[in-house]
Amino acid sequence: MKKGMLIVVSAPSGCGKGTILAEILKDPGYYYSVSATTRAPREGEVDGKHYHFLTKEQFEALIAEDKMLEYAQYCDNFYGTPLPPITEKLEQGKNVILEIEVQGALQVMKKCPDAVSIFIKPPSVQALRERLINRGTESLEVIEKRVAEAEFEIPIAAQYQYNIVNDNLEDAIADFRAVVRAEECKVRKD
Ligand code: 5GP
């Protein structure tokens, strides 16, 4: 059976990435990798669905056991990708989506040269700040931290294979599907 594609997706928080991926994931050919994190759950977040919410000790144990494909520190918390489910789903032919920040994404691109990398950009930093304020899930202090993080991340977008600007949601979803379609049609030389 044809193996699935590993798709690394990064975007500053508040870019509409969650909405785009929710649409993409309606297709059963995709599997969303549930990350581990030491951050506290937000209202409505479910353990094992949105994240595996771990203590720092539990997180470090997974690293020590070599069970993380990558991990990184972001805004004072650790985030990482548990490896075993990814290997299993790729073998089953599923396209696996990793929704991770840039440091982790760069690690995956290095370790897995076949991975497809996509960076979703906001139309502007100001648009991003407004979306975060409207979302209302973070304090102003956390929002400013995340905006600063976005200003650091956006230039790194050039190191990804594909950049999608989320100016219009329907277009961004169509662009995402087009990238995956093209990658599926790509001639592999190995
Ligand atoms: P949030 O706290 O908003 O859920 O996520 C903060 C950032 O951490 C986002 O950019 C998200 O994509 C990233 N992130 C989530 N899971 C992982 C992961 O497993 N590894 C890495 N490196 N980043 C992650």
Side-chain angles (χ1 to χ4, degrees), residues 6-22 24-25 30-56 58-63 65-87 89-90 96-112 115-122 125 128-129 131-157 159-160 162-164 166 172 176:
L6 185 59
I7 306 171
V8 184
V9 184
S10 301
S13 83
C15 253
K17 165 187 60 177
T19 316
I20 296 170
L21 291 184
I24 297 296
L25 286 159
Y30 287 90
Y31 171 77
Y32 178 80
S33 157
V34 180
S35 295
T37 184
T38 59
R39 114 159 136 61
R42 291 194 193 117
E43 177 122 6
E45 281 184 333
V46 178
D47 188 34
K49 182 175 174 211
H50 298 95
Y51 280 106
H52 300 289
F53 293 101
L54 306 182
T55 62
K56 199 157 174 257
Q58 290 170 322
F59 194 97
E60 281 167 349
L62 284 179
I63 299 171
E65 290 165 22
D66 228 5
K67 286 194 180 142
M68 289 289 201
L69 172 60
E70 60 73 38
Y71 65 94
Q73 196 172 359
Y74 175 93
C75 290
D76 305 331
N77 291 301
F78 286 98
Y79 294 83
T81 304
L83 182 57
I86 291 174
T87 315
K89 298 294 172 183
L90 288 174
V96 174
I97 295 189
L98 308 186
E99 182 189 343
I100 63 180
E101 53 67 66
V102 295
Q103 305 164 70
L106 294 174
Q107 292 173 45
V108 176
M109 289 179 214
K110 224 170 158 183
K111 274 195 190 169
C112 313
V116 177
S117 55
I118 303 176
F119 190 100
I120 301 170
K121 285 177 156 179
V125 171
L128 183 76
R129 181 181 279 112
R131 276 194 213 171
L132 283 171
I133 292 170
N134 290 337
R135 187 166 83 177
T137 51
E138 268 93 11
S139 66
L140 275 182
E141 190 196 338
V142 172
I143 288 174
E144 283 314 319
K145 234 180 180 173
R146 285 180 176 242
V147 169
E149 194 66 37
E151 284 174 323
F152 159 76
E153 287 188 343
I154 289 168
I156 303 173
Q159 296 187 48
Y160 287 62
Y162 298 95
N163 286 181
I164 295 174
N166 185 15
F176 195 108

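Position 1 is the first residue of the sequence, and the numbers go up from there. Keep in mind that this is a model prediction, so the values were computed, not measured. In listed order, ligands and their atoms are each counted from 1.
- Partners of Gln107 under the side chain to side chain contact (heavy atoms under 4.5 Å, CB included) rule, at least two apart in sequence or in another chain, are Glu70.
- Using a heavy-atom distance under 4.0 Å as the criterion, the protein contacts of ligand 1 are Lys17, Ser35, Arg39, Arg42, Tyr51, Glu70, Ala72, Tyr74, Tyr79, Gly80, Thr81, Glu99, Ile100, Glu101, Gly104, Arg146.
- For the salt bridge (Lys or Arg N to Asp or Glu O under 4.0 Å) condition, the pairs that include at least one residue of residues 72-82, sequence neighbours left out, are Asp76-Lys145.
- Taking a 6.0 Å sphere around CD of Glu65, one finds it holds more than 12 heavy atoms contributed by other residues, nucleotides or ligands.
- Glu149 meets the salt bridge (charged side-chain N to carboxylate O under 4.0 Å, His left out) test with no other residue; sequence neighbours excluded.
- A perpendicular orientation is assigned to the rings of Phe119 and Tyr160, their planes being inclined by more than 60° (bins at 30° and 60°).
- In the displayed structure, Tyr74 atom OH is contacted under 6.0 Å by more than 12 heavy atoms of other residues, nucleotides or ligands.
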